[in-house]
Chemist: 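Sharing a structure below in structure tokens format, with a few things to ask.
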Amino acid sequence: MNFAIDHCDAFDGKSENLWMKCEHCGRYLFAVDYLKTVWETLGQEEFRVLDAACAEGFGSMMLTQHGFQVIGLDVEQAYLSHAMERCNASFFCVDFDHDSFPADASGMDAVVSFETIEHLDQAEDFLAKLWACLKKEGILLLSFPNAAYEKLDENGNNKDPYHKRIFDPEEM
């Protein structure tokens, strides 16, 4: 794993970080498949999905290609500029630790946030913001590195400088 980067674009055409790219695509493929099944079961005309930490929007693109109405949030405006070129979704720049989410992000059928919470100082506040975006019976799909598999140095510190906190499944 390349710990010198904090993310990658799965569709940038480069061969580096292939394992990370496969993992990222796999998460969104799971989300598309699972949420499509839920959407069909509910029989709703539309299904709104919040993509929290969407980066360059490759996951948002995958979701919109399957008919979901997507709102993407990210901390980096430069990433969002690429996302806007990639797909027809609404994108907003948000500092997850400090900013409120935009009003457009309320009443969502689902929220996806993959490999994000470990990067934040205010993890509990972020989770509360995600839950607040959902309809009463909405779905939250969240992924995070499992503490049991994180790479640690000889002093027990996380080798990934971008991970501010390590979670185990029970804690989450």
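For clarity, every value in this text was computed on a predicted model and none was experimentally measured.
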Chemist: Can you tell me how far the OG atom of S60 sits from the CG atom of D74, to the nearest 0.5 Å?
Modeler: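 So the gap between those two atoms works out to 9.0 Å.
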Chemist: Search all heavy atoms of Q122 against all heavy atoms of D97 and return the closest pair with its distance.
Modeler: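 Here Q122 and D97 meet closest at N-OD1, 2.7 Å.
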Chemist: Of the non-hydrogen atoms in C87 and G57, which two are nearest, and what is the gap between them?
Modeler: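 Heavy atoms only, the tightest pair is SG-O, 4.4 Å.
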Chemist: Do side-chain atoms of E115 reach the backbone of F144 as a donor and acceptor pair under 3.5 angstrom?
Modeler: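 Present.
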Chemist: Report, as yes or no, whether the 6.0 Å neighbourhood of atom CG on N88 holds more than 12 heavy atoms from other residues, nucleotides or ligands.
Modeler: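 Count not over threshold, so no.
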Chemist: Side-chain heavy atoms under 4.5 angstrom apart, residues restricted to Ile, Leu, Val, Met, Phe, Trp, Tyr: same cluster for F114 and F58?
Modeler: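 Linked within one cluster.
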Chemist: Within the 4.5 Å heavy-atom criterion, are L73 and S113 side-chain neighbours or not?
Modeler: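 Of all side-chain heavy-atom pairs linking S113 with L73, none is under 4.5 Å.
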Chemist: Taking all atoms of both residues into account, what is the closest heavy-atom pair of A52 and T116, and its distance?
Modeler: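 For A52 and T116, the tightest heavy-atom pair comes out as O-OG1, 3.8 Å.
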Chemist: Working to the nearest 0.5 Å, report the span between OG of S143 and OH of Y28.
Modeler: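 Between atom OG of S143 and atom OH of Y28 there are 8.5 Å.
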Chemist: I need the S81 OG to F91 CZ distance, nearest 0.5 Å.
Modeler: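 Rounded to the nearest 0.5 Å, the OG-CZ separation comes to 10.5 Å.
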Chemist: Rounded to the nearest 0.5 Å, what separates atom OG in S106 from atom CG in L50?
Modeler: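 Separation between the atoms: 10.0 Å.
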Chemist: Anything under 30° is parallel, anything over 60° is perpendicular, the rest tilted; go ahead and classify W39 against F68.
Modeler: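 Because their plane-to-plane angle lies in the 30° to 60° range, the rings of W39 and F68 count as tilted.
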Chemist: By the salt bridge (charged side-chain N to carboxylate O under 4.0 Å, His left out) test, which pairs, at least two apart or in different chains, include something from residues 37-47?
Modeler: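 Every pair satisfying salt bridge (charged side-chain N to carboxylate O under 4.0 Å, His left out) with a residue in residues 37-47: there are none.
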Chemist: Let me have the donor-acceptor pairs involving side chains of residues 127-142, under 3.5 Å, with sequence neighbours excluded, atom names and distances please.
Modeler:
{"unit_1": "K129", "atom_1": "NZ", "unit_2": "F96", "atom_2": "O", "d": "3.0"}
{"unit_1": "K129", "atom_1": "NZ", "unit_2": "D99", "atom_2": "O", "d": "2.7"}
{"unit_1": "K135", "atom_1": "NZ", "unit_2": "D109", "atom_2": "OD1", "d": "2.8"}

Chemist: About how many Å separate CE of M84 and CD of E56, when rounded to the nearest 0.5 Å?
Modeler: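 Spacing of CD (E56) from CE (M84) equals 12.0 Å.
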Chemist: For a quick test of reading the model, state the closest non-hydrogen atom pair linking V75 to C93 and the distance between them.
Modeler: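 That would be O-SG, 3.4 Å.
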Chemist: What heavy-atom pair brings A89 and V70 nearest, and what distance separates the two atoms?
Modeler: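 Looking at all heavy atoms of both residues, the closest pair is CB-O, 3.3 Å.
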Chemist: Taking all non-hydrogen atoms of both residues, which atom of R48 and which atom of D104 are closest, and how far apart?
Modeler: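 Heavy atoms of R48 and D104 come nearest at NH2-O, 2.7 Å.
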Chemist: Using the rule that two of Ile, Leu, Val, Met, Phe, Trp, Tyr join whenever any of their side-chain heavy atoms come within less than 4.5 Å, decide whether L120 and F101 are in one cluster.
Modeler: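 They do share one cluster, since a chain of ILVMFWY contacts under 4.5 Å joins L120 to F101.
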Chemist: Using 0.5 Å steps for rounding, measure from the CD atom of Q69 to the CG atom of L63.
Modeler: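 It comes to 12.0 Å.
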